Amino acid sequence: MARLAQTAGLTDVQQEILSTVRDFVDKEIIPVATELEHRDEYPQQIVDGLKELGLFGLMIPEEYGGLGESLLTYALCVEEIARGWMSVSGIINTHFIVAYMLKQHGTQEQKEHFLPRMAAGDIRGAFSMSEPSLGSDVSAITSKAVKDGDEYVLNGQKMWLTNGGTSSLVAVLVRSDEGHSPEEAAAKPHKSMTTFLVEKEPGFGEVRPGLTIPGKIDKMGYKGVDTTELIMDGLRVPADRVLGGVTGRGFYQMMDGVEVGRVNVAARGCGVAQRAFELGVQYAQQRHTFGKPIAQHQAIQFKLAEMATKVEAAHAMMVNAARKKDSGERNDLEAGMAKYLASEYCKEVVEDAFRIHGGYGFSKEYEIERLYREAPMLLIGEGTAEIQKMIIGRRLLEEYRFQG
C-alpha cells in the first residue's frame with residue numbers, strides 16, 4: 001500500500017518541495033533529533049539547512065523574495081518536519097504567523113521593510129499574546145501602550161514566547177485605549193487592542209532599551225526551541241510600527257494569524273503521530289514474544305489499525321482546513337476541528353506506540369520516549385481543546401440556527 005497520509009491533487013511543484021523536505025528530514029533531522037533534544041540544544045545546523053532550502057520564505061509572496069506557496073504546502077512541510085522533530089516545526093511556525101500577518105494586514109512600507117529579509121531567513125519572527133495570569137482569556141490582557149508624541153510607550157509582561165531569544169522581530173499584542181473611553185474599553189476589550197512590530201537583537205537579557213528576554217523556560221518536552229517571557233518596561237516603539245498603521249485592530253489581526261497557527265499545530269500533530277506509528281509498526285515486527293513477532297498478535301494488530309486510522313483522519317482534516325483558508329473563506333471551524341482532532345489523536349497514537357514498545361518505551365535510548373514528552377504540548381498550543389470546542393460549538397450554532 002502507499003504510505004499513510006498522502007494528499008491528492010498536489011501540483012508537481014508541491015510534490016517536489018515535499019520530496020525535498022522529506023529527504024532533508026530523513027537525512028538531517030531524524031538522526032540527530034533525540035540527542036539534541038536531550039541536551040536541549042538549539043538546532044542551528046538544521047535551521048541553517050532550512051534557510052538554505054528557502055523554507056523561511058515558503059508562504060511569502062514572490063515579489064518580496066519568497067516562494068509564494070499556499071498554506072497547504074506550508075502545512076504539509078510542517079507535517080514532514082514535525083515527523084522528524086516537533087521543535088524544529090515550532091521554530092518556523094511563529095515566523096510564518098508573523099509573515100502572514102504582515103502580508104495580510106501590514107502597510108506597504110512594513111511589507112517592503114520586513115518581508116524580503118524574513119523570506120531570506122535573516123529576520124526571524126515571533127508573536128506574543130499570552131501573559132502570566134490570563135491563559136486563554138485574551139480579553140484580559142493588561143500589557144499596555146500609551147501614545148507619547150510619535151512613539152508609543154509599552155509596559156507589561158508577556159509569557160510563552162516561542163523563539164523569544166532567537167527572534168529579531170516580535171508581533172506583540174497589547175491594550176491601547178486610544179480613542180476609547182474607559183467604559184467602552186471595558187465593554188469591548190477586543191476593540192482596544194493593538195499589534196506592535198517590535199524589532200530587537202537576538203539573545204537574552206536586555207535586548208533593546210526597555211525590553212528584556214529572560215532565559216529559557218525549562219520544559220518537560222518541546223526542547224531545543226527557546227520558550228521565554230518578554231518584559232516591557234518603558235519600551236518605546238515608533239508609531240509606524242503599529243501593524244497596519246491603525247490602532248484597535250490587533251485582536252482581529254492576531255486571530256487571523258492564529259487560524260494559520262492552528263492549521264500548523266494540526267500539521268505538527270499529524271507529523272508526530274506518523275512518526276509514532278512508524279516506530280510502533282517497526283518495533284512490533286522486530287520484537288518477539290511467545291515464539292513470534294508481536295505484530296502477529298491480534299491485540300497489537302488492533303492497535304496498529306487504530307493508530308493508522310487516526311493518522312489518516314487527522315491528516316484529512318488538516319488538509320481540509322488548509323485548503324479552506326487558501327480559498328479565502330472563513331476557516332475557524334475547520335481549523336478548530338483539525339487542531340482539536342489532530343492533537344488528541346496524536347496523544348493517543350503516541351501512547352499506543354509507547355505501549356507497543358513495552359518497558360523500552362521508558363528508556364531514553366528509544367525515540368518514542370521523546371515523542372511521549374512532546375505530544376502534550378500540542379494539547380495546549382494555539383488554544384486548548386476546551387477553547388477549540390467553544391469555537392466549534394459557536395460556529396455550528398451559527399450554521400445550524402433554528403428558524404422556528
Side-chain angles (χ1 to χ4, degrees), residues 5 7-9 70-72 74-75 97 100-101 104-105 127 129-131 134-141 173 175 180-195 244 246 248-270 273 306 309-349 376 378-404:
T7 309
S70 63
L71 176 59
L72 175 62
Y74 165 61
I97 290 177
Y100 173 83
M101 290 167 60
Q104 295 296 108
H105 306 288
F127 81 108
M129 289 193 299
S130 188
E131 295 183 0
L134 63 86
S136 299
D137 184 9
V138 180
S139 65
I141 280 177
L173 184 66
R175 186 178 298 282
H180 299 279
S181 67
E183 294 75 20
E184 289 174 326
K188 298 179 179 179
H190 300 99
K191 293 189 175 182
S192 62
M193 295 184 188
T194 298
T195 301
V246 179
R249 297 180 181 175
F251 177 81
Y252 306 100
Q253 294 165 344
M254 279 281 182
M255 289 304 103
D256 190 23
V258 165
E259 284 186 13
V260 174
R262 284 179 179 144
V263 173
N264 171 284
V265 172
R268 285 198 251 181
C270 292
E306 291 170 359
T309 301
K310 289 173 181 177
V311 168
E312 284 287 313
H315 176 83
M317 291 198 73
M318 179 270 292
V319 168
N320 180 56
R323 282 181 163 150
K324 193 76 178 285
K325 187 76 170 177
D326 282 332
S327 72
E329 298 180 67
R330 181 179 178 180
N331 89 326
D332 53 342
L333 175 64
E334 291 79 8
M337 285 182 168
K339 191 274 174 186
Y340 168 58
L341 190 82
S343 58
E344 294 291 337
Y345 275 1
C346 175
K347 176 200 69 171
E348 294 170 11
V349 171
L378 298 172
L379 299 173
I380 54 176
E382 312 295 9
T384 63
E386 290 73 23
I387 290 294
Q388 307 311 317
K389 290 177 185 178
M390 286 174 57
I391 293 169
I392 294 165
R394 289 170 180 170
R395 286 286 287 114
L396 290 174
L397 289 173
E398 289 179 19
E399 295 293 332
Y400 290 88
R401 188 175 299 280
F402 178 61
Q403 300 297 328

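Keep in mind the model is a prediction, meaning the values are calculated, not measured.
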Are any side-chain N or O atoms of [X] and backbone N or O atoms of [Y], one a donor and one an acceptor, separated by less than 3.5 Å?
X: Gln388; Y: Glu382; result: yes
X: Lys310; Y: Ala273; result: no
X: Thr194; Y: Gly248; result: yes
X: Lys324; Y: Ala335; result: no

Take Val260 and Asn264 through the test side chain to side chain contact (heavy atoms under 4.5 Å, CB included) and record every step on the way to the result. CA-CA 6 Å; Val260 174; Asn264 171 284; 5.7 Å; no
Roughly how far, to the nearest 0.5 Å, is [atom2] of [Y] from [atom1] of [X]?
X: Tyr340; Y: Thr384; atom1: OH; atom2: OG1; result: 11.0 Å
X: Tyr345; Y: Glu306; atom1: OH; atom2: CD; result: 10.0 Å
X: Ser192; Y: Ile141; atom1: OG; atom2: CD1; result: 9.5 Å
X: Leu173; Y: Glu131; atom1: CG; atom2: CD; result: 8.5 Å
X: Met318; Y: Thr7; atom1: CE; atom2: OG1; result: 6.5 Å
X: Glu386; Y: Met390; atom1: CD; atom2: CE; result: 10.0 Å

At their closest point, which heavy atom of [X] faces which heavy atom of [Y], and how far apart are they?
X: Val311; Y: Ala5; result: CG1-CB, 4.3 Å
X: Lys339; Y: Gly383; result: NZ-O, 2.7 Å
X: Ala266; Y: Ala342; result: O-CB, 3.5 Å
X: Lys347; Y: Leu379; result: CD-CD1, 3.9 Å
X: Gly257; Y: Tyr100; result: CA-CD2, 4.2 Å
X: Val263; Y: Ala75; result: CG1-CB, 4.0 Å

Sequence neighbours left out, what passes side-chain contact (heavy atoms from CB on, under 4.5 Å) with Thr309? Give chain and number order. none
Under the rule for side-chain contact (heavy atoms from CB on, under 4.5 Å), what residues qualify as partners of Glu398, not counting sequence neighbours? Arg330, Arg395, Arg401
State, yes or no, whether a side-chain contact exists between [X] and [Y] at a heavy-atom distance under 4.5 Å.
X: Val258; Y: Met255; result: yes
X: Ile392; Y: Leu333; result: yes
X: Lys191; Y: Tyr252; result: yes
X: Met254; Y: Ile97; result: no

Suppose the criterion is salt bridge (Lys or Arg N to Asp or Glu O under 4.0 Å): which pairs have a residue in residues 249-263, not counting sequence neighbours? Asp256-Lys325, Glu259-Lys325
